[in-house]
Each structure stands twice: as structure tokens, then as C-alpha cells.
There are 2 protein chains.
Amino acid sequence: MANPKATPQRSDWQRNHERLVATAAALVAREGAQVSLEEIAREAGVGSATLHRHFASRQALLEEVFRDEVERLRLRARELAAGDPRTGLVTWLEELTISAVNTRGLPASLAAGAGAGPSAGDTCHAVMREATVTLTDRALAAAAVRPGVSPDDLLALVEAVAQATEGDPPTALRLLGLALDGIRP
Amino acid sequence: MANPKATPQRSDWQRNHERLVATAAALVAREGAQVSLEEIAREAGVGSATLHRHFASRQALLEEVFRDEVERLRLRARELAAGDPRTGLVTWLEELTISAVNTRGLPASLAAGAGAGPSAGDTCHAVMREATVTLTDRALAAAAVRPGVSPDDLLALVEAVAQATEGDPPTALRLLGLALDGIRP
DNA sequence: CCAACATATGGGGTGGCCCTCCGGTTGTCC
DNA sequence: GGACAACCGGAGGGCCACCCCATATGTTGG
């Protein structure tokens, strides 16, 4: 289902693909991650069969919808990896939380990827995980956080908080703060 | 929709009601909180209309399914309120987390009640909230936790963790531990 | 420029879900 | 044991995910 660059699809394929992702982005932002797939297809002006042919699952569609935002976060993590290890990690977790809470459907998409193990490397969750591992390891190495803290646990916590407080950034940050006070050395 | 003791329902009503709750409990335990309501009705041997007449919503049905477990937890909180304030609160949060993670569908049910405000006083969430408020206030009064900690935040965190780690108690407790280390004075 | 063909499309069908209406049934109370 | 309110469940409407296959359309070699 993914698009191997080796065999470029027909132009209408690409057109419909972009249409679908754009429409999905708009509808997910307005109605959440569980929008009707048929509505997306209808709004995009294609048959529902086409949507299913382009995306094997709702999750596959969401992965593409959030690709840009995830990329933005990935680059941000790169930046943060250049500064202070402690504040870098904390800022990363905060910004990730804010993004997830403010981006309708993202928490669901991240959580969905979490259970899948390390199978597919390009899921939203996998990218966020790699960033979190890097920043956590740096903080651990600098003794900036209590030893034994696991990046997977941190990410799981952020995802849990984001999913539970979708649309309410202040609460999300309060809950995250509660948790973060536990990582002092 | 609740059963005011003043006008006892007909015997078949009561029979079907118990059947439905029992069947729902079994199916929710096996398949999770989003089981098909029609399947519950089918398995219970009643028409789907009857199920909808007895329970205005899926949530209403779940509330009854979990009534016993919630009552057990409530009594447990009472016990804990007699001991050390610090360990009482911590133990409560841990046991609540364990129960929620091990009881399929409970996290969803708790979370669903969370957004509803203080309208209905007998929801699962409301009961757990009252217990958590009591124990947290005690701990705050004894300066056993950092001031400013909110029982609602603690409960929200437990519910978030429980929902995100449903069926995986070790992870749930690790995440809770991460958060709990933040409540030292 | 055009034919032939792989690639892609979408209407319509299947089966499932939630929820409601309404004709029929069953407890209950006098 | 009859009358009446309470209760039941099959059937149907609206919506959804997913799939099949006859049709259309980009693409490419002559």
C-alpha cells in the first residue's frame, strides 16, 4: 500500500491521494479521529472504494495526515538535542504534549502506533519514540534525570495524558508537570 | 431510567435487567467496553429494543456492570482513610490503577464519567472522585504531599494511565510510579 | 497520432451497528 | 378471571466499513 518510488503511480492516483489526505486533515481537525471514512471520500469527491484502495486502514490515513506535524516535531527534537540535557528533555515532552493535545486525532494516532511493536519504522509513534529515546538518553547520561527512567514510559505517559485531555492544554500540562517532578535525580 | 424503589418494576422487567447486566459483564470482560449492544441483547435472549429501554446509553449499562467493583473500591478507600495519610493515598491510587487496568472496560467507563461534571452523583467516576478527594485532602492536611496537588488531577492521571495501558498492570504501575514521585513535599 | 493495455475508478452490494416505532403479549391487581 | 398498564421484540431506517466487477482513463510503444 505504501508508495515505493520505484514505480510512480498514475497521475490520477496521485491527485486522488492528495485530495484524500487534505480532506481527511480538514475533517479530522473538525470532527476528530473517528470521522466517517465515507464522509472523507464523499467530501474528496471519490468513491469509498478508492479511499480503501489508497489506505489499508484508518490508521494508515491518519499517519499521512499527521506526517507534516510529526516531521516538524522531529526537527524540533533535533534542535533541543543541542542544548541543556535536562531542559531539552522537559521542553520536548511539554511541546510534544501541547502538539498532541491541540492536534485533533493525533493522540489516537500515536497511541495506535504504540502497541504495534517496532514493526513499521515510519509510523508517527516510531518517530516520536526515536526522538524521545535520544533526548532521554542524553539526560540520563548527564545525570539530569533519575536513573531507571525509561523513554518508552515517558512517551507512554505523554500519550496517555494527551489522549485523556484532548483539547485541554492547561490540564494536559498540569498532569504532565505532576509526572515530570518524578524525574529529578 | 434509574430504578426508584417507590414503584417496583414488573418481575419480567427485573429478570431481563439482571440478565442484561450479567451478560454485559461477561461480554465486556471478554471483548472490551465497545462490545456490540446487539450482541449483548442477543446473548441475553432479549430484543435489542429491550436493552435500549433498560439503559439509555452504553455508559448507563457499564455503570451497572461495574457497580460491584466500584463499591468494593469505595469500601477499600474507607479502610485506607484510617491509616497513614501518605501511604493511604499512594496505596489507593495504586489499587485503583490495578483494578482499572485489570477490569476490561472500566477505564473507558471512568473516563466517560469524567467529562460529565458533577451532574449525576452515582457514576463510577463520581464515586472514585469522592474517595480520591478524601484521601488527598487527608494527605495534604498532614503535609504528606506537595501542596497544590489536586485530587482531580491525580484521578485524571490514573484514568489516563489505566486507559492507555489496559491489560498491562506492570506498565501501568511503572507509569503511575513515575507520576507519584512528583507528590513529595 | 493512436491503439492496446495495465492501472485506477466508483456504483452498488453485503453485513453489521445503533436506535425507534408499533402491534402484540404478559404480569398484576381488583 | 377480566381489564389495564407495563413490557416485549421483530422489523425497519439511517449510517458505516469493506469488497466486487464492469467501466473508464492515463501511459507507452509503434
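Just so we're on the same page: letters track the sequence lines, and every chain starts at 1. These figures come from a predicted structure and were not determined experimentally.
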Provide, to the nearest angstrom, the distance between the CZ atom belonging to A:Phe55 and the C1' atom belonging to D:dC18.
16 Å
Separation of B:Glu39 atom CD from C:dG16 atom P, in whole Å?
11 Å
Say whether, by atom type as modelled, one donor and one acceptor occur between the side chain of A:Arg86 and the main chain of A:Ala142 under 3.5 angstrom.
no
Between C1' on C:dC22 and NE2 on B:His52, what's the gap in Å once rounded to a whole number?
16 Å
Should A:Ser48 be listed as having a side-chain N or O under 4.0 Å from OP1 or OP2 of C:dG11?
no
Nearest whole angstrom, please: distance from the C1' of C:dT28 to the CD of B:Gln14.
15 Å
Would you kindly give the CD1-to-P distance between B:Ile40 and C:dC18, to the nearest whole Å?
8 Å
Quick check: does any side chain N or O of A:Thr134 sit under 3.5 Å from a backbone N or O of A:Glu130, one acting as donor and the other as acceptor?
yes
Just by distance, do the side chain of B:Gln59 and the backbone of B:Ser109 share a donor-acceptor pair under 3.5 Å?
yes
Using a heavy-atom cut-off of 4.0 Å across all strands, would you classify B:Arg15 as base, sugar-phosphate, or nothing?
nothing
Starting at atom CG of A:Asn16, determine the distance to atom C1' of D:dA24, rounded to an integer number of angstrom.
13 Å
For the backbone of B:Ala114 and the side chain of B:Arg129, can you confirm whether one donor and one acceptor N or O come within less than 3.5 Å of each other?
no
Think A:Ser11 has a side-chain N or O under 4.0 angstrom from the OP1 or OP2 of D:dG26?
no
Taking the nucleotide of DNA chain C with the closest heavy atom to each, which residue, B:Asp12 or A:Thr50, is nearer the 5' end?
A:Thr50
Rounded to the nearest angstrom, tell me the gap between atom CH2 in A:Trp13 and atom P in D:dT25.
20 Å
Separation of atom CG in B:Leu51 from atom P in D:dC8, rounded to whole Å:
11 Å
Given DNA chain D, 5'-ward residue of the pair B:Glu38 and B:Arg10, judged by closest heavy atom:
B:Arg10
Do the side-chain N and O atoms of A:His17 and A:Glu64 include a donor-acceptor pair separated by under 3.5 angstrom?
yes
Any N or O donor-acceptor pair linking the side chain of B:Arg53 to the base of D:dG9 at under 3.5 Å?
yes
Using a cut-off of less than 4.0 Å, is there contact between a side-chain N or O of B:His54 and OP1 or OP2 of D:dC7?
no
